[in-house]
Amino acid sequence: MTDGYLWFEGIPFSVLGFSSEVLKEACAQFVIKDEDTVLVTYPKSGTNWMIEILCLIHSHGDTKWIRSVPIWERSPWIETDVGYKRLNEREGPRLMSSHLPFHLFPKSLFTSKAKVIYIMRNPKDVLVSGYYHQTMTKLCKQPESLEQYFQWFMQGNVSYGSWFEHIRGWLSMRDRENVLLLSYEELQKDPRSTIERICQFLGKKLSPEELDSVLKNSSFQVMKLNKMSNYEMVPETFITKPFLITRKGICGDWKNHLTVAQAEAFDKVYQEKMLGFPKGLFPWE
Ligand code: A3P
């Protein structure tokens, strides 16, 4: 451990809940099976929102599962100590999450027919959300200010490394039949159609009433009150102050936080690093 992080293959990970041994084994040996559903995101892109949606789709809108089992148990993280163990013990079809960058992801994915959902989000909102997350949890070193966190984020010196590298890596998979690329922004704009697309991708047929229940119970207001999903059950050893994953849940919160100079500096780096992607791919542009 150096610098408040656990470094693995050049990528910084949290010091709590991760170990080099598990990371090494998970990345090299974890077996993804054809019937698995794999949710991949860069942290703070709406991962837990999507887990809630996927669990509700799986249960045809029934809320029993989301109200009785903590969200991190329903869709364990492949790369964490606890998640890795849990997934290895679990029979399929499994739901699992990961923030791993593309180049570290278990190679078994690429020969499996597992369904992969990648959620992206405006990186400026990811940055602001990540800043709050990092100040409220003991998972990584604490930033002294948003300005300091801004610098770390731009350098990729944050948990799971560079946003730019993460998205570039995973977007190389976007044309595969078993990959669904979605954005936090389209989920906000039109949750019903986006959830319908997810159902279609997963081959799940839901009645209009079941779909209504998925929509209602995965909404920000309802999820914020569900203690199995809002992270209020996270052990105190992990947090610095009372913490909910459902912080603000809006698009464009960066405008309330970044200075004009920071936004311009961000855009300059963004233009350089995101060169070559087709117009219209990113809803925040
Ligand atoms: P903010 O911090 O901008 O509010 P992740 O799950 O990847 O850590 O992402 C967390 C972000 O998703 C937080 O963003 C959180 O508020 C938002 N989020 C969580 N549940 C949500 C929901 N049901 N609807 C909209 N946003 C949600």
Just so I know, are the side chains of L211 and K216 near enough to count as touching, which here means a heavy-atom distance under 4.5 Å? no
Locate the shortest heavy-atom distance separating P101 from W170; write the atom from each residue and the value. C-NE1, 3.6 Å
What is the minimum heavy-atom distance between K44 and S129, and which atoms define it? CE-OG, 3.1 Å
How close do S14 and S159 get, counting heavy atoms only, and between which atoms? N-OG, 3.9 Å
Min side-chain heavy-atom separation L54-L202 under 4.5 Å: yes
Spatial distance of atom CG (N226) from atom OG (S68) [nearest 0.5 Å]: 9.5 Å
For I53, does its backbone N or O pair with a side-chain atom of S218 as donor and acceptor, under 3.5 Å? no
Side chains of S97 and S75 only: does a donor on one sit below 3.5 Å from an acceptor on the other? yes
Would you say that more than 12 heavy atoms from the other residues, nucleotides or ligands in this model lie under 6.0 Å from the CD of Q142, or not? yes
Determine, stepwise, if the pair L39 / M96 fulfils side-chain contact (heavy atoms from CB on, under 4.5 Å). CA-CA 6 Å; L39 170 62; M96 60 188 79; over 6 Å; no
In one Ile/Leu/Val/Met/Phe/Trp/Tyr side-chain cluster, 4.5 Å: V128, V269: yes
Please check if I71 and M233 belong to a single hydrophobic cluster, counting links between Ile, Leu, Val, Met, Phe, Trp and Tyr side chain heavy atoms closer than 4.5 Å. yes
Partner set under side chain to side chain contact (heavy atoms under 4.5 Å, CB included) for R197, not counting sequence neighbours: L180, L182, E186
Closest heavy-atom contact between G249 and Q188? O-NE2, 2.8 Å
Please enumerate all residues that pass side chain to side chain contact (heavy atoms under 4.5 Å, CB included) together with E165, with sequence neighbours excluded. S162
With a 4.5 Å cut-off on side-chain heavy-atom distances among I, L, V, M, F, W and Y, is there a chain of contacts connecting I250 to M50? no
Mind checking what makes side chain to side chain contact (heavy atoms under 4.5 Å, CB included) contact with I239, not counting sequence neighbours? T137, V234, F243
OG1-CG distance between T259 and L146, expressed to the nearest 0.5 angstrom: 8.5 Å
So does E185 get a backbone contact from the side chain of R121, meaning a donor-acceptor N/O pair under 3.5 Å? no
Let's go through I119 and T47 carefully: what are the C-alpha distance in whole Å and the side-chain angles of both, what is the deciding distance for side-chain contact (heavy atoms from CB on, under 4.5 Å) to 0.1 Å, and is it a yes or a no? CA-CA 7 Å; I119 314 285; T47 326; over 6 Å; no
Under a 4.0 Å threshold between the charged nitrogen and the carboxylate oxygen, would R247 count as salt-bridged to D253? yes
Donor-acceptor contact present, side-chain D34 to main-chain K113, <3.5 Å: yes
Is a side-chain donor-acceptor pair under 3.5 Å present for Q151 with E147? yes
Taking side chain as C-beta onward, heavy atoms only, is C27 less than 4.5 Å from F105? no
Contacts table for residues 274-285: side-chain donor-acceptor under 3.5 angstrom, sequence neighbours left out:
unit_1	atom_1	unit_2	atom_2	d
W284	NE1	Y270	OH	2.9
E285	OE2	Y270	OH	2.6

So, D62 versus S59: side-chain donor-acceptor pair below 3.5 Å or not? no
Checking the side chain of T41 only, and the main-chain atoms of P43 only, is there a donor and an acceptor separated by less than 3.5 Å? no
Sequence neighbours excluded, every pair satisfying ring pair (Phe, Tyr, Trp, His ring centres under 6.0 Å) that has a member inside residues 178-206: W49-Y184
Does any non-hydrogen side-chain atom of L104 lie less than 4.5 Å from one of F8? yes
Non-hydrogen side-chain atoms of K248 and D125 separated by less than 4.5 Å: no
H257 and ring-ring contact (aromatic ring centres under 6.0 Å, His included): which single residue from F150, Y132, Y149 fits? Y132
Taking C-beta and beyond as the side chain, do S193 and D190 meet within less than 4.5 Å on heavy atoms? yes
Step by step, would you call K124 with L258 a side-chain contact (heavy atoms from CB on, under 4.5 Å)? CA-CA 8 Å; K124 288 183 189 140; L258 300 191; 4.1 Å; yes
How long is the straight-line distance from NE2 of H103 back to OG of S172, given to the nearest 0.5 Å? 12.0 Å
Going through the distances and angles, do T63 and N217 end up as a side chain to side chain donor-acceptor pair (under 3.5 Å)? CA-CA 8 Å; T63 55; N217 290 295; 5.5 Å; no
Side chain to side chain donor-acceptor pair (under 3.5 Å) contacts touching residues 83-94 (sequence neighbours left out): E25-Y84, D36-R94, K85-E89
Determine, step by step, whether F102 and L171 satisfy the side-chain contact (heavy atoms from CB on, under 4.5 Å) criterion, reporting the C-alpha distance in whole Å, the side-chain angles of both residues, the deciding distance to 0.1 Å, and the verdict. CA-CA 9 Å; F102 182 67; L171 259 55; over 6 Å; no
Quick one: closest heavy-atom pair of L87 and L95, and the distance? CD2-O, 4.1 Å
Check for me whether K141 meets the cation-pi criterion with W152, that is, NZ or CZ under 6.0 Å from the six-membered ring centre and within 45 degrees of the ring axis. yes
Hey, does the side chain of N122 reach the backbone of C251 with a donor-acceptor pair shorter than 3.5 angstrom? no
Whether the S98 and E79 side chains hold a donor-acceptor pair (N or O, under 3.5 Å, no angle test) is what I'd like checked. yes
Can you tell which of F13, W77, Y42 makes a ring-ring contact (aromatic ring centres under 6.0 Å, His included) with H99? W77
For the student: nearest non-hydrogen atoms of S20 and L6, plus distance: OG-CD1, 3.6 Å
Are I245 and V222 linked, directly or through intermediate hydrophobic residues, by side-chain heavy-atom contacts shorter than 4.5 Å (ILVMFWY only)? no
Please say whether more than 12 non-hydrogen atoms of neighbouring residues, nucleotides or ligands are located less than 6.0 Å from NZ in K227. no
Would you check if N48 and Y231 make a side-chain contact, meaning some heavy-atom pair closer than 4.5 Å? yes
In this structure, are over 12 heavy atoms from other groups packed under 6.0 Å from K273 atom NZ? no
Give the cluster check for V31 versus L100: same hydrophobic cluster or not, with ILVMFWY residues linked at side-chain heavy-atom distances below 4.5 Å. no
For residues I32 and F110, determine if any side-chain heavy atom of one lies less than 4.5 Å from a side-chain heavy atom of the other. no
Take R74 and E52 through the salt bridge (charged side-chain N to carboxylate O under 4.0 Å, His left out) test and state the conclusion after the steps. CA-CA 9 Å; R74 284 182 256 134; E52 201 79 333; 2.8 Å; yes
Side-chain (N178) to main-chain (V116) donor-acceptor, under 3.5 angstrom: no
Counting only heavy atoms from other residues, nucleotides and ligands, does the tally under 6.0 Å from CD of E177 exceed 12? no
May I ask you to say whether R192 pairs ionically with D212, meaning some side-chain N is under 4.0 Å from a carboxylate O? yes
Say whether, by atom type as modelled, one donor and one acceptor occur between the side chain of Q148 and the main chain of E144 under 3.5 angstrom. yes
Taking L244's backbone N and O only, do any of them form a donor-acceptor pair with N230's side chain (distance below 3.5 Å, no angle check)? no
